[in-house]
Asker: 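Sharing a structure here in C-alpha cells format.
Keep in mind that what you see is a predicted model, and the values were worked out from it rather than measured.
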Amino acid sequence: NFPVGGRVMAGRSVEVLLHHMCGCASSQNVWEASFAKSILRQSKRKNWQPSPAQEAVMHRIVRGLFEDPECVVLEDDE
C-alpha cells in the first residue's frame, strides 16, 4: 500500500485509479467507458471520494487492464 495525497487503496490510491480511469473512458466496453467518464466528472468536485461500491468497481476495471490475456511480452534475445 502507498499513499499518494489521499486515501490508500489495496495497493492503489484513488489518484492512481483515477489516472487509469482516463484510459478506461475509451474502452470498447460501453458500460465501463460510461462508468469511467462518470467517475472522472465526479472526481472534479471538491473533496470528492468514491463510495465503497465505486471503489470496488474502479479496482475491478483497473485490474482488468493489467490482466489482458492477449498481452504478449517480448523478450530480448541478447
Asker: According to the salt bridge (Lys or Arg N to Asp or Glu O under 4.0 Å) rule, which pairs have a member within residues 35-48, sequence neighbours left out?
Answerer: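 Not a single pair qualifies under salt bridge (Lys or Arg N to Asp or Glu O under 4.0 Å).
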
Asker: Please round to the nearest 0.5 Å and tell me the distance separating atom CG of N29 and atom CD1 of I61.
Answerer: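 Atom-to-atom, N29:CG and I61:CD1 are 7.5 Å apart.
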
Asker: Minimum heavy-atom separation for Q49 and Q54, please, with both atom names.
Answerer: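 Looks like O-OE1, 4.5 Å.
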
Asker: Sequence neighbours excluded, which residues qualify as side chain to side chain donor-acceptor pair (under 3.5 Å) partners of S34?
Answerer: none

Asker: Can you name the closest pair of heavy atoms from A33 and S27 and give their distance?
Answerer: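 For A33 versus S27, the nearest heavy atoms are CB-O, 3.7 Å.
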
Asker: Please list all pairs passing the ring pair (Phe, Tyr, Trp, His ring centres under 6.0 Å) test where one or both residues lie in residues 34-55, with sequence neighbours left out.
Answerer: W31-F35

Asker: Closest approach of M21 and V62, non-hydrogen atoms and distance?
Answerer: CE-CG2, 3.7 Å

Asker: Please enumerate all residues that pass salt bridge (charged side-chain N to carboxylate O under 4.0 Å, His left out) together with R60, with sequence neighbours excluded.
Answerer: E32

